[in-house]
Protein chains: 4
Amino acid sequence: MSAGHNTASDGQLLSIVQRIERLHEERKALADDVRDVYGEAKGVGFDPKIIRKLIARRAKDAGALAEEDSILALYEDALSRAGTRGEGA
Amino acid sequence: MSAGHNTASDGQLLSIVQRIERLHEERKALADDVRDVYGEAKGVGFDPKIIRKLIARRAKDAGALAEEDSILALYEDALSRAGTRGEGA
Amino acid sequence: MSAGHNTASDGQLLSIVQRIERLHEERKALADDVRDVYGEAKGVGFDPKIIRKLIARRAKDAGALAEEDSILALYEDALSRAGTRGEGA
Amino acid sequence: MSAGHNTASDGQLLSIVQRIERLHEERKALADDVRDVYGEAKGVGFDPKIIRKLIARRAKDAGALAEEDSILALYEDALSRAGTRGEGA
DNA sequence: TCAGATAAAATCGCGC
DNA sequence: GCGCGATTTTATCTGA
(Lines give C-alpha, C1' and ligand atoms only; values in the text may rest on other atoms or scores of the structure.)
Protein backbone atom coordinates (compact mmCIF):
# COMPACT_ATOMS: atom_id res chain seq x y z
CA MET A 1 0.00 0.00 0.00
CA SER A 2 1.05 3.49 -0.51
CA ALA A 3 1.54 4.83 2.99
CA GLY A 4 3.83 3.06 5.30
CA HIS A 5 7.40 2.41 4.57
CA ASN A 6 9.90 4.37 2.96
CA THR A 7 11.77 2.56 0.35
CA ALA A 8 15.41 3.15 -0.31
CA SER A 9 14.31 4.03 -3.80
CA ASP A 10 12.10 6.79 -2.43
CA GLY A 11 15.05 8.38 -0.72
CA GLN A 12 17.10 8.12 -3.85
CA LEU A 13 14.42 9.80 -5.89
CA LEU A 14 14.04 12.58 -3.39
CA SER A 15 17.76 13.19 -3.37
CA ILE A 16 17.87 13.32 -7.14
CA VAL A 17 14.97 15.71 -7.38
CA GLN A 18 16.39 18.00 -4.75
CA ARG A 19 19.82 18.07 -6.32
CA ILE A 20 18.36 19.00 -9.66
CA GLU A 21 16.21 21.68 -8.12
CA ARG A 22 19.22 23.08 -6.34
CA LEU A 23 21.17 23.22 -9.58
CA HIS A 24 18.27 24.97 -11.24
CA GLU A 25 18.28 27.60 -8.54
CA GLU A 26 21.97 28.22 -8.97
CA ARG A 27 21.47 28.49 -12.69
CA LYS A 28 18.73 30.99 -12.19
CA ALA A 29 20.90 33.05 -9.88
CA LEU A 30 23.57 33.21 -12.56
CA ALA A 31 20.98 34.21 -15.13
CA ASP A 32 20.04 37.09 -12.85
CA ASP A 33 23.68 38.07 -12.66
CA VAL A 34 23.86 38.12 -16.42
CA ARG A 35 20.82 40.32 -16.56
CA ASP A 36 22.47 42.67 -14.08
CA VAL A 37 25.56 42.98 -16.17
CA TYR A 38 23.49 43.81 -19.22
CA GLY A 39 21.73 46.42 -17.17
CA GLU A 40 25.03 47.90 -16.13
CA ALA A 41 26.20 47.88 -19.72
CA LYS A 42 23.15 49.81 -20.75
CA GLY A 43 23.75 52.20 -17.88
CA VAL A 44 27.14 53.16 -19.25
CA GLY A 45 25.83 53.60 -22.75
CA PHE A 46 26.29 50.28 -24.50
CA ASP A 47 23.50 48.66 -26.44
CA PRO A 48 22.66 45.34 -24.76
CA LYS A 49 21.12 43.91 -27.87
CA ILE A 50 24.29 44.37 -29.82
CA ILE A 51 26.38 42.99 -27.00
CA ARG A 52 24.27 39.86 -27.15
CA LYS A 53 24.98 39.51 -30.83
CA LEU A 54 28.63 40.12 -30.24
CA ILE A 55 28.83 37.44 -27.60
CA ALA A 56 26.91 35.00 -29.74
CA ARG A 57 29.34 35.59 -32.56
CA ARG A 58 32.32 35.10 -30.30
CA ALA A 59 30.86 31.83 -29.09
CA LYS A 60 30.76 30.33 -32.57
CA ASP A 61 33.97 29.22 -34.06
CA ALA A 62 35.22 31.36 -36.87
CA GLY A 63 34.50 28.75 -39.50
CA ALA A 64 30.85 28.35 -38.69
CA LEU A 65 30.46 32.09 -38.48
CA ALA A 66 31.88 32.70 -41.92
CA GLU A 67 29.74 29.87 -43.24
CA GLU A 68 26.56 31.41 -41.91
CA ASP A 69 27.41 34.86 -43.12
CA SER A 70 28.21 33.55 -46.56
CA ILE A 71 25.00 31.57 -46.86
CA LEU A 72 23.07 34.64 -45.86
CA ALA A 73 24.82 36.65 -48.54
CA LEU A 74 24.08 33.87 -51.00
CA TYR A 75 20.38 33.94 -50.20
CA GLU A 76 20.22 37.70 -50.42
CA ASP A 77 21.88 37.53 -53.75
CA ALA A 78 19.45 34.87 -54.94
CA LEU A 79 16.55 37.09 -53.98
CA SER A 80 17.96 40.06 -55.76
CA ARG A 81 18.41 37.94 -58.87
CA ALA A 82 14.94 36.52 -58.60
CA GLY A 83 13.70 40.04 -58.53
CA THR A 84 12.17 41.35 -55.36
CA ARG A 85 12.55 44.82 -54.13
CA GLY A 86 14.17 47.05 -56.62
CA GLU A 87 13.77 44.73 -59.58
CA GLY A 88 16.12 46.09 -62.17
CA ALA A 89 16.63 49.65 -61.06
CA MET B 1 22.31 42.82 -61.18
CA SER B 2 24.55 40.32 -59.61
CA ALA B 3 25.15 37.58 -62.12
CA GLY B 4 23.40 36.57 -65.23
CA HIS B 5 20.70 34.06 -64.81
CA ASN B 6 18.06 33.37 -62.51
CA THR B 7 18.19 29.87 -61.21
CA ALA B 8 15.13 27.80 -60.49
CA SER B 9 16.41 27.71 -56.96
CA ASP B 10 16.34 31.50 -56.82
CA GLY B 11 12.69 31.49 -57.69
CA GLN B 12 11.97 28.86 -55.08
CA LEU B 13 13.64 30.87 -52.39
CA LEU B 14 11.81 33.99 -53.41
CA SER B 15 8.51 32.18 -53.32
CA ILE B 16 9.23 30.80 -49.88
CA VAL B 17 10.28 34.15 -48.49
CA GLN B 18 7.27 35.92 -49.91
CA ARG B 19 4.86 33.36 -48.64
CA ILE B 20 6.28 33.61 -45.14
CA GLU B 21 6.18 37.38 -45.26
CA ARG B 22 2.58 37.24 -46.39
CA LEU B 23 1.66 34.96 -43.50
CA HIS B 24 3.45 37.30 -41.13
CA GLU B 25 1.33 40.15 -42.37
CA GLU B 26 -1.86 38.23 -41.87
CA ARG B 27 -0.75 37.32 -38.40
CA LYS B 28 -0.01 40.89 -37.62
CA ALA B 29 -3.43 41.94 -38.86
CA LEU B 30 -5.02 39.45 -36.51
CA ALA B 31 -2.91 40.74 -33.65
CA ASP B 32 -4.22 44.18 -34.41
CA ASP B 33 -7.75 42.83 -34.31
CA VAL B 34 -7.08 41.35 -30.91
CA ARG B 35 -5.80 44.68 -29.72
CA ASP B 36 -8.94 46.33 -31.00
CA VAL B 37 -11.16 43.94 -29.12
CA TYR B 38 -9.26 44.62 -25.92
CA GLY B 39 -9.70 48.31 -26.58
CA GLU B 40 -13.40 47.83 -27.06
CA ALA B 41 -13.59 45.78 -23.87
CA LYS B 42 -11.93 48.55 -21.98
CA GLY B 43 -14.32 51.01 -23.55
CA VAL B 44 -17.32 49.20 -22.09
CA GLY B 45 -15.73 48.98 -18.69
CA PHE B 46 -13.90 45.67 -18.56
CA ASP B 47 -10.36 45.47 -17.34
CA PRO B 48 -8.20 44.18 -20.19
CA LYS B 49 -5.65 42.76 -17.83
CA ILE B 50 -8.22 40.62 -16.12
CA ILE B 51 -9.60 39.47 -19.44
CA ARG B 52 -6.11 38.39 -20.38
CA LYS B 53 -5.86 36.34 -17.21
CA LEU B 54 -9.26 34.88 -17.86
CA ILE B 55 -8.37 33.79 -21.34
CA ALA B 56 -5.04 32.44 -20.21
CA ARG B 57 -6.75 30.40 -17.55
CA ARG B 58 -9.32 29.02 -19.98
CA ALA B 59 -6.52 28.01 -22.30
CA LYS B 60 -4.65 26.37 -19.47
CA ASP B 61 -7.70 24.48 -18.29
CA ALA B 62 -8.25 23.24 -21.79
CA GLY B 63 -4.63 22.16 -22.00
CA ALA B 64 -4.75 20.45 -18.63
CA LEU B 65 -6.71 17.49 -19.92
CA ALA B 66 -4.16 16.77 -22.59
CA GLU B 67 -1.43 17.20 -20.01
CA GLU B 68 -3.02 14.71 -17.65
CA ASP B 69 -3.37 12.27 -20.49
CA SER B 70 0.25 12.67 -21.44
CA ILE B 71 1.44 12.13 -17.89
CA LEU B 72 -0.75 9.11 -17.60
CA ALA B 73 0.67 7.71 -20.81
CA LEU B 74 4.14 8.35 -19.49
CA TYR B 75 3.47 6.48 -16.28
CA GLU B 76 1.87 3.60 -18.06
CA ASP B 77 4.83 3.39 -20.32
CA ALA B 78 7.17 3.39 -17.34
CA LEU B 79 5.20 0.61 -15.70
CA SER B 80 5.18 -1.48 -18.80
CA ARG B 81 8.92 -1.13 -19.09
CA ALA B 82 9.41 -1.95 -15.42
CA GLY B 83 8.23 -5.48 -16.08
CA THR B 84 5.09 -6.20 -17.94
CA ARG B 85 2.45 -7.96 -15.99
CA GLY B 86 3.57 -9.70 -12.87
CA GLU B 87 7.24 -9.10 -13.24
CA GLY B 88 8.65 -10.61 -16.32
CA ALA B 89 10.89 -13.14 -14.56
CA MET C 1 -26.12 35.99 -5.65
CA SER C 2 -24.19 34.41 -8.40
CA ALA C 3 -26.64 32.17 -10.16
CA GLY C 4 -29.78 33.63 -11.54
CA HIS C 5 -29.88 36.28 -14.09
CA ASN C 6 -27.79 36.95 -16.88
CA THR C 7 -26.67 40.48 -17.11
CA ALA C 8 -26.20 42.24 -20.40
CA SER C 9 -22.68 42.77 -19.25
CA ASP C 10 -22.18 39.02 -18.94
CA GLY C 11 -23.13 38.54 -22.54
CA GLN C 12 -20.79 41.29 -23.59
CA LEU C 13 -17.93 39.74 -21.72
CA LEU C 14 -18.59 36.34 -23.19
CA SER C 15 -18.69 37.79 -26.67
CA ILE C 16 -15.41 39.57 -26.12
CA VAL C 17 -13.69 36.51 -24.74
CA GLN C 18 -14.90 34.34 -27.56
CA ARG C 19 -13.87 36.77 -30.23
CA ILE C 20 -10.39 36.99 -28.79
CA GLU C 21 -10.14 33.24 -28.54
CA ARG C 22 -11.24 32.90 -32.13
CA LEU C 23 -8.60 35.37 -33.26
CA HIS C 24 -6.00 33.46 -31.30
CA GLU C 25 -6.96 30.29 -33.07
CA GLU C 26 -6.62 31.90 -36.45
CA ARG C 27 -3.27 33.26 -35.45
CA LYS C 28 -2.14 29.86 -34.38
CA ALA C 29 -3.28 28.35 -37.64
CA LEU C 30 -1.19 30.87 -39.52
CA ALA C 31 1.78 30.12 -37.29
CA ASP C 32 1.40 26.49 -38.27
CA ASP C 33 1.36 27.50 -41.90
CA VAL C 34 4.59 29.39 -41.38
CA ARG C 35 6.12 26.35 -39.80
CA ASP C 36 5.03 24.28 -42.76
CA VAL C 37 6.66 26.63 -45.21
CA TYR C 38 9.92 26.46 -43.26
CA GLY C 39 9.64 22.71 -43.36
CA GLU C 40 9.15 22.79 -47.09
CA ALA C 41 12.13 25.13 -47.43
CA LYS C 42 14.26 22.70 -45.53
CA GLY C 43 12.97 19.89 -47.70
CA VAL C 44 14.29 21.55 -50.84
CA GLY C 45 17.64 22.26 -49.27
CA PHE C 46 17.41 25.73 -47.79
CA ASP C 47 18.55 26.45 -44.27
CA PRO C 48 15.52 27.61 -42.27
CA LYS C 49 17.64 29.37 -39.69
CA ILE C 50 19.23 31.55 -42.32
CA ILE C 51 15.89 32.24 -43.93
CA ARG C 52 14.67 33.51 -40.58
CA LYS C 53 17.59 35.88 -40.39
CA LEU C 54 17.02 36.97 -43.94
CA ILE C 55 13.38 37.76 -43.30
CA ALA C 56 14.22 39.60 -40.09
CA ARG C 57 16.70 41.72 -41.99
CA ARG C 58 14.21 42.49 -44.73
CA ALA C 59 11.69 43.58 -42.13
CA LYS C 60 13.97 46.27 -40.76
CA ASP C 61 14.41 49.38 -42.74
CA ALA C 62 17.76 49.78 -44.38
CA GLY C 63 18.83 52.57 -42.08
CA ALA C 64 18.33 50.69 -38.86
CA LEU C 65 20.03 47.68 -40.35
CA ALA C 66 23.16 49.59 -41.31
CA GLU C 67 23.14 51.22 -37.91
CA GLU C 68 23.11 47.91 -36.10
CA ASP C 69 25.78 46.41 -38.28
CA SER C 70 28.00 49.40 -37.78
CA ILE C 71 27.64 49.40 -34.01
CA LEU C 72 28.51 45.74 -33.97
CA ALA C 73 31.64 46.45 -35.97
CA LEU C 74 32.45 49.27 -33.59
CA TYR C 75 32.18 47.00 -30.58
CA GLU C 76 34.26 44.30 -32.18
CA ASP C 77 36.88 46.85 -32.94
CA ALA C 78 36.81 48.12 -29.38
CA LEU C 79 37.39 44.61 -28.10
CA SER C 80 40.28 44.03 -30.41
CA ARG C 81 41.84 47.28 -29.21
CA ALA C 82 41.23 46.43 -25.59
CA GLY C 83 43.07 43.25 -26.23
CA THR C 84 41.19 40.03 -26.20
CA ARG C 85 41.86 37.32 -28.61
CA GLY C 86 44.74 38.24 -30.80
CA GLU C 87 46.33 40.64 -28.34
CA GLY C 88 48.83 42.72 -30.19
CA ALA C 89 49.06 41.10 -33.57
CA MET D 1 45.55 47.29 -35.26
CA SER D 2 42.71 49.52 -35.94
CA ALA D 3 43.51 52.85 -34.39
CA GLY D 4 46.01 53.91 -31.83
CA HIS D 5 44.73 54.09 -28.34
CA ASN D 6 42.72 52.14 -26.12
CA THR D 7 39.82 54.09 -24.77
CA ALA D 8 38.48 53.67 -21.28
CA SER D 9 35.25 52.68 -22.96
CA ASP D 10 37.04 49.87 -24.74
CA GLY D 11 38.16 48.47 -21.44
CA GLN D 12 34.68 48.76 -20.04
CA LEU D 13 33.19 46.87 -22.92
CA LEU D 14 35.83 44.18 -22.66
CA SER D 15 35.16 43.78 -18.98
CA ILE D 16 31.45 43.49 -19.55
CA VAL D 17 31.82 40.95 -22.30
CA GLN D 18 34.23 38.86 -20.32
CA ARG D 19 32.07 38.86 -17.24
CA ILE D 20 29.07 37.73 -19.21
CA GLU D 21 31.06 35.03 -20.92
CA ARG D 22 32.32 33.84 -17.56
CA LEU D 23 28.78 33.65 -16.22
CA HIS D 24 27.74 31.73 -19.31
CA GLU D 25 30.46 29.20 -18.66
CA GLU D 26 29.37 28.71 -15.09
CA ARG D 27 25.82 28.29 -16.26
CA LYS D 28 26.88 25.73 -18.77
CA ALA D 29 28.80 23.82 -16.13
CA LEU D 30 25.67 23.67 -14.01
CA ALA D 31 23.65 22.47 -16.97
CA ASP D 32 26.17 19.69 -17.39
CA ASP D 33 25.76 18.82 -13.73
CA VAL D 34 22.03 18.59 -14.22
CA ARG D 35 22.55 16.30 -17.15
CA ASP D 36 24.81 14.12 -15.02
CA VAL D 37 22.21 13.80 -12.33
CA TYR D 38 19.62 12.76 -14.87
CA GLY D 39 22.10 10.21 -16.17
CA GLU D 40 22.64 8.87 -12.70
CA ALA D 41 18.88 8.73 -12.14
CA LYS D 42 18.48 6.70 -15.26
CA GLY D 43 21.33 4.47 -14.12
CA VAL D 44 19.46 3.53 -10.97
CA GLY D 45 16.26 2.88 -12.84
CA PHE D 46 14.30 6.13 -12.80
CA ASP D 47 12.78 7.48 -15.94
CA PRO D 48 14.33 10.91 -16.64
CA LYS D 49 11.31 12.04 -18.53
CA ILE D 50 9.06 11.43 -15.57
CA ILE D 51 11.49 13.15 -13.26
CA ARG D 52 11.36 16.17 -15.54
CA LYS D 53 7.59 16.20 -15.33
CA LEU D 54 7.78 15.81 -11.58
CA ILE D 55 10.11 18.74 -11.20
CA ALA D 56 8.09 20.86 -13.58
CA ARG D 57 4.97 20.11 -11.60
CA ARG D 58 6.63 20.98 -8.30
CA ALA D 59 7.78 24.25 -9.78
CA LYS D 60 4.32 24.97 -11.07
CA ASP D 61 2.71 24.17 -7.75
CA ALA D 62 5.13 26.50 -6.06
CA GLY D 63 4.34 29.21 -8.57
CA ALA D 64 0.60 28.71 -8.21
CA LEU D 65 0.41 30.49 -4.88
CA ALA D 66 2.05 33.57 -6.28
CA GLU D 67 -0.27 33.36 -9.25
CA GLU D 68 -3.35 33.20 -7.06
CA ASP D 69 -2.09 36.16 -5.11
CA SER D 70 -1.50 38.14 -8.26
CA ILE D 71 -4.97 37.39 -9.58
CA LEU D 72 -6.45 38.32 -6.26
CA ALA D 73 -4.56 41.60 -6.27
CA LEU D 74 -5.80 42.24 -9.78
CA TYR D 75 -9.40 41.67 -8.81
CA GLU D 76 -9.10 43.80 -5.73
CA ASP D 77 -7.63 46.54 -7.81
CA ALA D 78 -10.48 46.25 -10.28
CA LEU D 79 -13.02 46.43 -7.49
CA SER D 80 -11.42 49.44 -5.93
CA ARG D 81 -11.48 51.21 -9.25
CA ALA D 82 -15.09 50.20 -9.87
CA GLY D 83 -16.24 52.29 -6.94
CA THR D 84 -14.67 51.95 -3.58
CA ARG D 85 -16.70 50.43 -0.85
CA GLY D 86 -20.25 49.22 -1.27
CA GLU D 87 -21.20 51.34 -4.20
CA GLY D 88 -22.93 49.25 -6.79
CA ALA D 89 -24.06 46.33 -4.63
C1' DT E 1 18.31 13.36 -38.07
C1' DC E 2 13.85 14.62 -36.40
C1' DA E 3 10.21 16.13 -33.65
C1' DG E 4 8.95 17.66 -29.16
C1' DA E 5 10.14 19.82 -24.92
C1' DT E 6 12.95 23.60 -22.50
C1' DA E 7 15.08 27.65 -22.11
C1' DA E 8 16.64 32.21 -23.99
C1' DA E 9 15.64 36.37 -26.32
C1' DA E 10 12.85 39.84 -28.40
C1' DT E 11 8.56 42.27 -28.44
C1' DC E 12 4.67 44.49 -26.65
C1' DG E 13 1.57 46.80 -23.43
C1' DC E 14 1.28 48.85 -19.17
C1' DG E 15 2.11 52.18 -15.42
C1' DC E 16 5.16 55.69 -13.52
C1' DG F 1 9.71 58.02 -22.43
C1' DC F 2 11.36 54.32 -19.78
C1' DG F 3 11.60 50.55 -17.11
C1' DC F 4 8.89 46.44 -15.84
C1' DG F 5 6.18 42.47 -16.41
C1' DA F 6 3.80 39.54 -19.47
C1' DT F 7 3.47 37.36 -24.05
C1' DT F 8 5.30 35.64 -28.04
C1' DT F 9 9.01 34.10 -30.92
C1' DT F 10 13.44 31.93 -31.58
C1' DA F 11 17.07 28.76 -30.47
C1' DT F 12 18.97 25.00 -27.92
C1' DC F 13 18.62 20.57 -26.22
C1' DT F 14 16.97 15.83 -25.33
C1' DG F 15 15.20 11.49 -26.57
C1' DA F 16 13.38 8.43 -30.37
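We name chains A, B, ... by the order of the sequence lines, and we start the count at 1 in each one. What you see below is based on every heavy atom in this structure, not just the backbone, and it leaves out hydrogens, waters and symmetry mates. Everything numeric in this text was worked out from a predicted model, so none of it was measured.
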Cut-off 3.5 Å, no hydrogens considered: what does the side-chain donor-acceptor table look like for residues 58-69 of chain B, sequence neighbours left out?
| unit_1 | atom_1 | unit_2 | atom_2 | d |
| --- | --- | --- | --- | --- |
| B/R58 | NE | C/E21 | OE2 | 2.7 |
| B/R58 | NH2 | C/E21 | OE1 | 3.0 |
| B/E68 | OE2 | D/R57 | NH2 | 3.4 |

Residues passing the side chain to side chain donor-acceptor pair (under 3.5 Å) test with A/R52, sequence neighbours excluded, are none
To the nearest angstrom, the CD1-C1' distance between A/I51 and E/dA10 comes to 16 Å
Main chain of D/A29, side chain of D/D32: is a donor-acceptor contact present, judged purely on distance under 3.5 Å?
no
To the nearest angstrom, the CD-C1' distance between C/E68 and E/dA9 comes to 14 Å
By nearest-heavy-atom nucleotide on DNA chain E, the more 5' of C/K42 and B/P48 is C/K42
Filtered N/O pairs between nucleotides 6-13 of chain F and protein, under 3.5 Å:
| unit_1 | atom_1 | unit_2 | atom_2 | d |
| --- | --- | --- | --- | --- |
| F/dT9 | OP1 | B/R27 | NH2 | 2.3 |
| F/dT9 | OP1 | C/R27 | NH2 | 2.9 |
| F/dT9 | OP2 | B/R27 | NH2 | 2.8 |
| F/dT10 | OP2 | C/R52 | NH1 | 3.4 |

Rounded to whole Å, the CG-P distance (A/D32 to E/dA9) equals 13 Å
In whole angstroms, the gap separating C1' of F/dG3 from CG of A/D36 amounts to 14 Å
With sequence neighbours left out, the residues meeting side chain to side chain contact (heavy atoms under 4.5 Å, CB included) with D/E26 are A/L30, D/R22
D/L54 CG to E/dT6 P, in whole Å, measures 13 Å
For B/Y38, the ring pair (Phe, Tyr, Trp, His ring centres under 6.0 Å) test, sequence neighbours excluded, returns none
With sequence neighbours left out, the residues meeting salt bridge (Lys or Arg N to Asp or Glu O under 4.0 Å) with C/D47 are none
Rounded to whole Å, CD1 of A/I50 lies from C1' of E/dA10 at a distance of 13 Å
